[in-house]
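Since the structure is predicted, the reported quantities are computational estimates derived from the model, not experimental observations.
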Amino acid sequence: MEDAILRDLNPYQREAVVHFEGPLLILAGAGSGKTLTITHRIAYLMAHYKVPPWHILGVTFTNKAAEEMRRRVERLVGTSQTPWIKTFHSTAAAILREQIQHLGGNYTQNFTILDEDDSRSVIAQAIKGLGYSDEGLSPGFVAEVIERAKDELIGPEEFASRRLGVFADPLLELLEQIYRRYQHTLEASNALDFADLIRLTVRLFQERPDILDFYRDRFRFLVIDEYQDTNYAQYVFSRMLAEKYENICVVGDDDQAIFGWRGADPTNILKFEQDFPTCKVVQLKTNYRSTARILRAASAVIRHNHMRKPKDLIAARPEGEKLSLYYALDEHDEADFVARQIAYLHDIKGVPLNHIAVLYRINTLSRVLEEALIRRGIPYEIVRGLRFYERAEIKDLLAYLRFLVNPADDLSLVRILNKPRRGIGEKTIALLQQYARAARCSLWEAIEQLSSPSSPEREKIKGLNRLTEFYALIKDLRDYAQTHSPSELIVEILHRTGYLAELKGFDAEERLGNIEEFIGYARQYEQRGGLREFLEEIALMAEADTYSGEQERVALMTVHSAKGLEFDYVFLVALEEHILPHGRSLKEGALEEERRLCYVGLTRAKERVYLSCTAQRTLYGRLLLNAPSRFLQELPPEDLEMSYGPL
């Protein structure tokens, strides 16, 4: 088995795979077989060094990447001995499911994980509760501030002292109050937001060294993928787990660090050798994805960055076609060029549409491109927008499921109390909330108390009979959930609540189709876990996880969303100053990250890259006369084939 694991590896990959104990830094250039190397390393640890699978933890950033890594390891060593391979947040969630009660308060193992929409709703309530309007203070802005604070391991108690100088004093004080209210609501509801998962796990490790030591002994070998994308909290989490045995292998490419705007810190990978002075460094130098011309062009661009480790990738593939650069008159001319070229690739050269991607810096640029593709009858898929699990009918069903698992989840309860309509209006809900505050209990406990015939408060709550009926319904559904699968429970909810009967209107068929798809996904998941695990997987799903690439459609997405993907043909549009590089990034001194973004866009392509810019562009209702992107000047002219739109 060991020979089979090493058989198809190049010398650099083999060097990384056979390394045993001690820290290891794998610098994996674009298309250099990163996933192949780390999965073979995990398999080799088990097959050759006889490391038990429960002593290995593999961590990456998306469910899709984690699933791919698991499948590859299973193909190499069999399905009976797969180690933990999860995302950062799934790993933290699994640890908290086992240990969160040690943090005290209202936390139990049945905690709910809020999505972005739910988090902003709670923040909006906190703003309103302090007497402010969410028009004057955007919940989205506050959510970003709180998320960034949590990613830096800053809780509400130390927020003001750690944020001095970042905001004006009155705003700082208000943000601290909102943060406190928000976190209090989450804890009272036994709920965590996305950033809490890592923050609270680190807090648990800090407060309980015995628990930290348990997981250090459990996970004696760490393999961390995409290390350049880790934020401070993830960095501390990784360091804490690794410090006892130092068997930490981190894999990444500082040239592909493009998530600084959400807290990722590329210096984490650049300083790894300082953190672990005895570390071994292996560079994966051979690019197997792109043609030599594409790789040469991408390398010429990224070489202008100063904050990077020097590296020279070697192309395993032949020269290939020159990169196409089109100077368009305006955004309509540019979109028509893209649509024409796609039609040629598909109709004349026979390229499947799902082998083609159109990448852009900002989502707003997609509208004109969509119109051009529609005119030519070219099917496309936008990898963004309203995600499946954010649709109203799916959110309703998820709220039912979450509440059945976690009865302290007031947010989910408020959503389902009158869905479908059962005559429980806002006044009744307000009285119920008032009662719960006075009794210092959850809304469900309040309903439970008021449903008792001996309750002295019964006469004060209008619509109590309907609340009592709801109480009986939920109790029955909770009993049903104990002995039935998630998909069966969803069907039972739909029928017992009358939800299906209320699906009317022009979009009823589409909504019913969404529900059927949701039930189908629940059935598929039941082979892997129960209701709680099913809800957790959905809560931790990243945008990249929603793109399968299986349908024959052109993919339209931002360059950020394309990270980790590859296509035969890539169109990189709107290469103009103030778009790529983005104007805000230029003001904030983030030019090097913008250049890395361009590098990532170029290296998604296997066969050919099409670049474009415009002489003028209408964006956000304004006419822009942006200069061509400086990154175009950094490309080798001999590898470019230029053409021009109408003058």
Side-chain angles (χ1 to χ4, degrees), residues 27 30 61 138 140-154 159 162-168 171-172 175 195 226-236 252-272 274-275 298-311 359-365 558-563 572 574-603 613 617 619-620 622 624-635:
L27 292 171
F61 275 85
S138 161
F141 164 73
V142 177
E144 288 178 15
V145 171
I146 292 175
E147 182 179 14
R148 183 60 62 90
K150 289 183 176 185
D151 285 343
E152 295 175 17
L153 301 177
I154 300 172
F159 178 80
R162 298 277 296 275
R163 278 284 175 257
L164 287 174
V166 179
F167 303 108
L171 178 58
L172 180 68
L175 289 170
E226 304 286 10
Y227 196 65
Q228 77 281 348
D229 293 334
T230 52
N231 59 33
Y232 179 69
Q234 291 159 345
Y235 166 76
V236 172
D253 180 10
D254 49 302
D255 288 337
Q256 297 186 71
I258 60 173
F259 294 109
W261 53 276
R262 70 180 189 197
D265 184 358
T267 63
N268 290 342
I269 195 168
L270 294 173
K271 67 181 182 182
F272 184 81
Q274 299 170 25
D275 291 339
S299 299
V301 171
I302 201 63
R303 208 171 284 130
H304 286 77
N305 272 2
H306 300 291
M307 195 180 76
R308 65 185 292 263
K309 288 181 177 290
K311 57 185 79 71
L359 309 182
Y360 34 75
R361 176 64 176 84
I362 49 177
N363 280 314
T364 315
L365 295 168
T558 64
V559 185
H560 285 103
S561 297
K563 176 76 185 303
L572 189 54
L575 276 160
E576 296 147 30
E577 290 291 297
H578 302 289
I579 296 181
L580 184 60
H582 197 279
R584 183 179 63 249
S585 297
L586 292 175
K587 290 178 184 176
E588 295 173 355
L591 175 62
E592 292 212 351
E593 179 154 325
E594 293 294 300
R595 186 175 279 111
R596 292 194 291 267
L597 199 58
C598 182
Y599 175 80
V600 166
L602 292 168
T603 54
C613 61
R617 181 183 300 276
L619 193 62
Y620 307 122
R622 292 183 293 121
L624 305 177
L625 303 174
N626 294 329
S629 170
R630 68 191 69 193
F631 304 145
L632 293 175
Q633 310 303 315
E634 298 168 359
L635 294 166

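- The side chain to side chain donor-acceptor pair (under 3.5 Å) check on E577 picks up R630, with sequence neighbours excluded.
- Salt bridge present: E593 and R596 bring a charged side-chain N and a carboxylate O closer than 4.0 Å.
- E576 pairs with exactly one of L625, N626, L624 by the side chain to side chain contact (heavy atoms under 4.5 Å, CB included) rule, that one being N626.
- Under a 3.5 Å cut-off, the side chain of H560 and the backbone N or O of I258 do form a donor-acceptor pair.
- Y232 is linked by a side chain to side chain donor-acceptor pair (under 3.5 Å) to nothing, counting only residues two or more places apart in sequence or in another chain.
- To the nearest 0.5 Å, atom CH2 of residue W261 and atom CZ of residue R584 are 9.5 Å apart.
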Test log, rule salt bridge (charged side-chain N to carboxylate O under 4.0 Å, His left out), inputs E594 and R361: CA-CA 9 Å; E594 293 294 300; R361 176 64 176 84; 2.9 Å; yes
Stepwise side chain to side chain contact (heavy atoms under 4.5 Å, CB included) check, L591 with F631: CA-CA 11 Å; L591 175 62; F631 304 145; 4.0 Å; yes
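- With Q234 contributing its side chain and N231 its backbone, the two residues share a donor-acceptor pair below 3.5 Å.
- Looking at residues two or more places apart in sequence or on another chain, you find a side chain to side chain donor-acceptor pair (under 3.5 Å) between Q228 and E226.
- Considering only residues two or more places apart in sequence or on other chains, L365 meets the side-chain contact (heavy atoms from CB on, under 4.5 Å) condition with Y360, I362, A574, I579, R617, L619.
- Evaluation of the side chain to side chain donor-acceptor pair (under 3.5 Å) rule for T230 yields N268 as partners, not counting sequence neighbours.
- In this structure, K271 satisfies the cation-pi test against Y235, with its NZ or CZ atom closer than 6.0 Å to the six-membered ring centre and inside 45 degrees of the ring normal.
- In this view, D254 and L27, I269, L270, R308, K309, K311 satisfy the side-chain contact (heavy atoms from CB on, under 4.5 Å) rule, not counting sequence neighbours.
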